[in-house]
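The chains referred to below are lettered A, B, ... by the order of the sequence lines, with proteins before strands, and numbering in each begins at 1.
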Protein chains: 2
Amino acid sequence: MYKPFRYLCDIHPIRAAKKHAGTMSQDHSKKRANLRDVAKAAGVSVATVSRVMNAPKTVSQQTREKVEAAMTALRWRPSAAARAINSGRSRFVGALVPTLDNAIFARFLSHLESGLNLHGLSLVVATTGGDPKVETEKAHTLLDIGAEGFVLSGISQDPALLDLIDHMQIATIVTSFFDPNYVLPTIGYDNAEASRIALAHLEGQGHRDIAVIHGPKSLNDRTRARLQGLGDHHPDSALTFYETPLSTRGGCDAADMVLQQARRPTAILCLSDVLAAGAMSELQRQGIGVPDDISVMGIDDLPSSETLYPALTTVHLPVASMGTAAADALALWVEKGEKPAPRRFGPELALRASTRRVS
Amino acid sequence: MYKPFRYLCDIHPIRAAKKHAGTMSQDHSKKRANLRDVAKAAGVSVATVSRVMNAPKTVSQQTREKVEAAMTALRWRPSAAARAINSGRSRFVGALVPTLDNAIFARFLSHLESGLNLHGLSLVVATTGGDPKVETEKAHTLLDIGAEGFVLSGISQDPALLDLIDHMQIATIVTSFFDPNYVLPTIGYDNAEASRIALAHLEGQGHRDIAVIHGPKSLNDRTRARLQGLGDHHPDSALTFYETPLSTRGGCDAADMVLQQARRPTAILCLSDVLAAGAMSELQRQGIGVPDDISVMGIDDLPSSETLYPALTTVHLPVASMGTAAADALALWVEKGEKPAPRRFGPELALRASTRRVS
DNA sequence: TCTCTTTATGTAACTAGTTACATCACTCTT
DNA sequence: AAGAGTGATGTAACTAGTTACATAAAGAGA
């Protein structure tokens, strides 16, 4: 093991060196090579090796080749921890998402990740289960392992998280949500507008009796914003609300509830595509034709929604571009310190086969 | 900023200290507090602060309280990088998965993550797009940022990755695959058995003319293993193979191909549930009844497969228990150095409504 | 009272990198 | 030929923690 000699004076011959002698077995268990090993092997100083990594042009070609040969021979890779301790850079950011079980987050993350990779950043994903306490907890963990920035989904409910972000001055972008006045930059779509588009489509087709199926309101600002968007409906419209777990199973159960009502609606608006998928299959199971007997509509536009039978009419949320934009914005913030401006992506109607005009 | 005095001898008064004086503005821009700041605030040495973290019982109650108060006051959190540099511990592991777009990996990861959290480990997810070169690349990145272990999906094709794992002696578990003789411990299900179960079910129902829809063979050992499992079919059975992209869209397209053949099979076996979902909807779109005209079967048992219409008969793969088991095994390996034994999870038939007996 | 522990705490070496500054060998001026 | 400028390289201080060892004080046994 390496042993540097720091104390050259002999007036106070402070304890010279630990005796590692007993555990010395340099033969094969040489562990991972470090920068000093490389320097020794190449016959140069540690600074020169470091320069080969960080400023190659300041090192002569000859020396550089020697050092590079030594690096290869020892299979040396710089330790991120040691580098982080100096530069404060870890080159990764953390994303906090409620779940991976919903394809919408999976899609978003895959675009976020590739976008970040383009900027030389890695992505660490943590799931929160939608619990703000867990979110704060995981944010701490991410910070502890060295994350340089955060990507959040929706506006957090826990003030402790905002406090942490503020105190640590850590670059943080909020996605899946748009609010230009929020303390943190939001890069996302307007959830209220998405549901407004959906409702307008159904009302435009003549539907006036609409069942609305949605996921849990509590702790989910996206769901709440979507519900809010329905506030301003046609004066003759009657909306009935059904809350259910956010899964296809939940969609089935809610649809079953809808059918048990005395008065059957002409359309079901699901505030999430997974709910719509469940609802449609339940309707079919009970012999109700979609869209002949009841129109069904979703919001999200999952990749699989297009290939359902019938193909699901839904509101397309540009999660892919949102992921890329969030990656670019966060990279800029982390690298250059430029806090990005909020950015809004417009939802769009994806008209397919699961809704139809009624008299 | 803190300034240690290391050189006590005055014979060689080596350059005393850098002059940071100019940038001194300790008032508000005090950045993140470090251990020395805490020690100073508490009026103790750095070692004592460190002990409060790592061996609280060796510190007197009184001192401990003082230190804890200082930690809180300065909102100090230990730097993972600095800790890692000493202990070599970063407390996170990396998972390399082909994609997040397939619910099967999302489910696996969510269980893997919660399992690891129980052991005090965090999970970093990297997607490879199924490309072995990218996988090796990302493994390097993970290692560089300090990952202590890997979870791979399927047997990698790139020898460079195995070489890296071997050289770095990094704890690595292979999942979604079972082979007790592989160099690395595999914790997963037998993919060949899964397809064998599926085929046996269809043949048991009297199907002899079966179309097999599967994802890309190249670079995907799971698909290959599943195809292999079909080798040993009933002597009278005729299997026709259709390769297509692994998505619901791919499933639709392949089903369309099947229907274009002169001779229509009595059953379609999809080697993945997403393909089955696409295939079923395409059949319905073309007016073919499932299971009345054609039986459709999948493999995976995604959460949504149960709520398709008709409910998909498939082979259940225990990804949840696999995730938990992989987490436990990897934690044990990382923490205690105990290399785990391979572990096999049995796939099971999930009999539902999309298949039926034929004469 | 003098050692002999035990307990609590401090000092400084240590981890693996980066980097400010020093130094040396050159070449280019004048 | 002296001085200045340039390029390449080395020395050791520096980052934020952990930890071996030293040491101080207090209580126990002789």
Can you check the [X] [atom1] to [N] [atom2] distance for me, whole Å?
X     : N      : atom1 : atom2 : result
A:R83 : C:dT19 : CZ    : C1'   : 13 Å
B:K40 : C:dG10 : NZ    : C1'   : 15 Å
A:I85 : C:dT19 : CD1   : C1'   : 15 Å
B:K66 : C:dA8  : NZ    : P     : 14 Å
A:R77 : C:dA16 : CZ    : C1'   : 16 Å
A:L35 : C:dT18 : CG    : C1'   : 9 Å

[X] side chain near [Y] side chain, heavy-atom distance below 4.5 Å:
X      : Y      : value
B:E113 : A:V125 : no
A:V151 : A:L109 : no
B:V334 : B:H119 : no
B:F105 : B:P98  : yes

Inset, instruction - Return the set of residues passing salt bridge (Lys or Arg N to Asp or Glu O under 4.0 Å) with A:E148 (not counting sequence neighbours), or none when no residue passes. - result: A:R89

Legend entry - DNA chain D contacts among residues 44-61 of chain B, heavy-atom distance under 4.0 Å: B:A47, B:S50, B:R51, B:N54

Legend entry - Touch class at under 4.0 angstrom, heavy-atom based, for B:R64 against every strand present: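 No contact.
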
Legend entry - Within 6.0 angstrom of B:R91 CZ, more than 12 heavy atoms from elsewhere: yes

Inset, instruction - Please tell me which of the listed nucleotides, D:dT18, D:dA16, C:dA16, lies nearest to the side chain of B:S79? - result: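 So the side chain of B:S79 is nearest to D:dA16.
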
Inset, instruction - Go through D:dA16, C:dT9, C:dA16 for me and flag the one nearest to the A:R36 side chain. - result: C:dA16

Inset, instruction - Compare side-chain N and O positions of A:W76 against OP1 and OP2 of C:dG17 and report whether any pair is under 4.0 Å apart. - result: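 Yes.
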
